[in-house]
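Remarks on the structure that follows.
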Amino acid sequence: MEKNRFIIITGMSGAGKSQVLRTLEDLNYFCVDNLPVMLLPKFIELSRQTSNRNTAMVIDSRGGDSFDSLLEIMDEMQANGFSFELLFMDADDATLIRRYKETRRRHPLEKGRNSLAESVVLERKSLEEVRKRSTNVIDTSHYASSVLKDEIRRLFGNHEATSDMLIVVQSFGYKYGLPLDSDLVLDVRFLPNPFYEAALKKLTGNDKPVQDFLNKFPQTFEFLKMQCEMLSFLIPKYEQEGKSQLVISVGCTGGQHRSVYIANNIYNYLRLKSLRVELLHRELVQKDQD
């Protein structure tokens with residue numbers, strides 16, 4: 001059985017450590033940001049005893065003077081049989097300065113005593129030995145966000161934590177509000193409403209009589225065809241950008257008939273394409289809970 005991985009992430013401020021940590025979270029790592037270096041041996045020991053998940057932690061210059069003891073502590077960890085990987089994030093000085101100016105954040109070594117450029121030079125000098133000891137070094141000077149995510153997945157992904165994007169297809173009723181987590185919203189209120197048919201009013205889009213009713217109208221199939229074509233185009237683009245989850249919300253007035261029927265069809269279409277997809281009918285779930 002493969003051992004759990006323990007990754008220490010360090011490097012230059014502004015080089016992308018936070019993005020690396022978010023990507024590892026998507027890969028089901030247990031992640032901790034800005035861990036005090038003195039807690040590192042105890043933290044890893046506890047993690048090995050209590051967690052079955054891979055672990056990643058960021059330790060960097062924000063830790064102040066205690067960060068200087070990182071090399072000594074890593075030596076002690078290795079002497080005691082702790083297994084870990086050290087990932088060093090880097091970028092050229094010009095890129096780091098530009099990123100700090102864009103975000104207007106203060107460099108952790110600036111402290112009013114030196115300029116941003118001087119702080120970058122000072123940090124680089126203080127990290128020279130740590131960089132030499134690193135298992136992997138990633139220079140993000142010319143990395144797009146999606147490229148960095150792909151590199152982290154290549155280096156640290158595993159079979160249990162798939163990097164495939166999860167697609168959630170959910171139906172909802174506009175009268176109860178738009179789902180806040182929506183990425184794409186499809187409004188199907190233009191379709192004939194089964195609610196006004198006495199025999200269908202108390203049924204839902206999961207029931208065959210409602211499905212037969214909606215199947216009578218050519219605009220139902222025209223709409224589904226266009227949406228499936230659109231999703232076939234969009235989904236690979238979202239995956240290329242490194243998106244971990246896509247929420248497709250399908251809405252009608254009450255979330256009982258039309259949206260349920262259309263969401264079911266989109267879900268079935270995406271499953272046929274062997275994509276990771278989940279189905280949720282928001283108003284039907286609420287109705288069951290009531």
Side-chain angles (χ1 to χ4, degrees), residues 2-37 40-41 43-44 47 54-79 82-103 105 107-110 116-158 161 163 242:
E2 197 172 293
K3 291 183 178 180
N4 291 335
R5 300 177 75 168
F6 295 89
I7 304 169
I8 301 172
I9 305 164
T10 190
M12 298 295 292
S13 300
K17 297 187 293 293
S18 295
Q19 183 178 335
V20 169
L21 207 63
R22 289 193 295 270
T23 303
L24 290 173
E25 283 182 339
D26 291 339
L27 292 171
N28 200 34
Y29 277 69
F30 178 75
C31 297
V32 178
D33 190 14
N34 198 17
L35 183 75
V37 67
L40 178 56
F43 176 81
I44 292 186
S47 296
N54 294 325
T55 304
M57 60 216 74
V58 171
I59 300 176
D60 56 23
S61 300
R62 291 172 294 173
D65 294 338
S66 65
F67 180 67
D68 296 337
S69 60
L70 177 59
L71 288 174
E72 180 182 343
I73 290 177
M74 287 195 304
D75 288 338
E76 292 177 1
M77 290 163 54
Q78 289 178 328
F82 288 114
S83 177
F84 63 90
E85 300 168 74
L86 182 63
L87 171 63
F88 191 95
M89 301 301 298
D90 204 353
D92 60 53
D93 290 1
T95 298
L96 296 173
I97 292 171
R98 174 178 56 78
R99 289 174 181 170
Y100 264 94
K101 286 184 176 295
E102 288 174 351
T103 61
R105 294 177 58 205
H107 193 282
L109 298 186
E110 195 168 344
L116 174 57
E118 290 171 336
S119 298
V120 171
V121 172
L122 180 63
E123 184 178 42
R124 188 175 299 284
K125 183 174 179 60
S126 69
L127 292 174
E128 285 179 353
E129 291 303 315
V130 175
R131 193 181 195 279
K132 292 177 182 177
R133 293 274 297 274
S134 299
T135 313
N136 292 287
V137 177
I138 298 179
D139 188 325
T140 64
S141 301
H142 306 290
Y143 269 28
S145 175
S146 58
V147 175
L148 177 56
K149 289 180 180 179
D150 287 343
E151 180 67 5
I152 296 303
R153 288 167 178 156
R154 183 185 69 80
L155 289 172
F156 304 112
N158 56 46
S163 62

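Only a predicted model underlies this, so the values are computations on that prediction, with no experimental measurement involved. The chain is numbered in sequence order, starting from 1. Quick note: numbers below take in every heavy atom, side chains included, and nothing from hydrogens, waters or symmetry partners.
- To the nearest 0.5 angstrom, I138 atom CD1 is 4.5 Å from M89 atom CE.
- When side chains are defined from C-beta on, I7 does not count as touching V20, because their heavy atoms never get closer than 4.5 Å.
- With rounding to the nearest 0.5 angstrom, the NE2 atom of H107 is 12.0 Å from the CD atom of E118.
- Looking at residues two or more places apart in sequence or on another chain, you find a salt bridge (Lys or Arg N to Asp or Glu O under 4.0 Å) between E151 and R154.
- With rounding to the nearest 0.5 angstrom, the CG atom of L21 is 9.5 Å from the CE atom of M57.
- The aromatic rings of F30 and F43 lie parallel to each other, with less than 30° between the two planes, well short of the 60° mark.
- Taking the side chain as every heavy atom from C-beta outward, R22 and K149 never approach each other to under 4.5 Å.
- When the side chain to side chain contact (heavy atoms under 4.5 Å, CB included) test is applied to D93, the partners found at least two apart in sequence or on another chain are V120, V121, R124.
- In terms of the side chain to side chain contact (heavy atoms under 4.5 Å, CB included) criterion, residue partners of T95 (sequence neighbours excluded) are, by chain and number, A91, D92, R98, R99, S141.
- To the nearest 0.5 Å, atom CZ of residue F88 and atom CZ of residue R133 are 13.5 Å apart.
- A search for side chain to side chain contact (heavy atoms under 4.5 Å, CB included) contacts involving K132 returns E129, not counting sequence neighbours.
- Using a 4.5 Å cut-off on side-chain heavy atoms (C-beta onward), L87 and T135 make no contact.
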Verdict with supporting geometry, V130 and L86, side chain to side chain contact (heavy atoms under 4.5 Å, CB included): CA-CA 9 Å; V130 175; L86 182 63; 4.1 Å; yes
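- Contact record, G11 with K17: O-NZ, 3.5 Å, taken as the closest heavy-atom pair.
- Partners of D33 by salt bridge (Lys or Arg N to Asp or Glu O under 4.0 Å), not counting sequence neighbours, listed by chain and number: R62.
- The shortest heavy-atom contact between R5 and N54 is N-OD1, 2.8 Å.
- The closest side-chain heavy-atom distance from L40 to L70 is below 4.5 Å.
- The distance from the CG atom of L148 to the CD atom of Q19 is 4.5 Å, given to the nearest 0.5 Å.
- Contact between S61 and L109 at its shortest, heavy atoms only, is CB-CD2, 4.3 Å.
- Counting only heavy atoms from C-beta outward, the side chains of M74 and L71 approach each other to under 4.5 Å.
- Contact of the D60 side chain with the N34 side chain is registered, since non-hydrogen atoms from C-beta on lie closer than 4.5 Å.
- Looking at residues two or more places apart in sequence or on another chain, you find a side chain to side chain contact (heavy atoms under 4.5 Å, CB included) between S126 and E123.
- Taking every heavy atom of both residues into account, I9 and A56 meet most closely at CD1-CB, 4.2 Å.
- Taking 4.5 Å as the limit, some side-chain heavy atom of L24 sits within range of a side-chain heavy atom of I152.
- The shortest non-hydrogen separation linking Y100 to S13 is OH-CB, 3.1 Å.
- The OG atom of S83 sits 9.0 Å away from atom CE of M77, with the distance rounded to the nearest 0.5 Å.
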Step-by-step side chain to side chain contact (heavy atoms under 4.5 Å, CB included) determination, N4 to T55: CA-CA 8 Å; N4 291 335; T55 304; over 6 Å; no
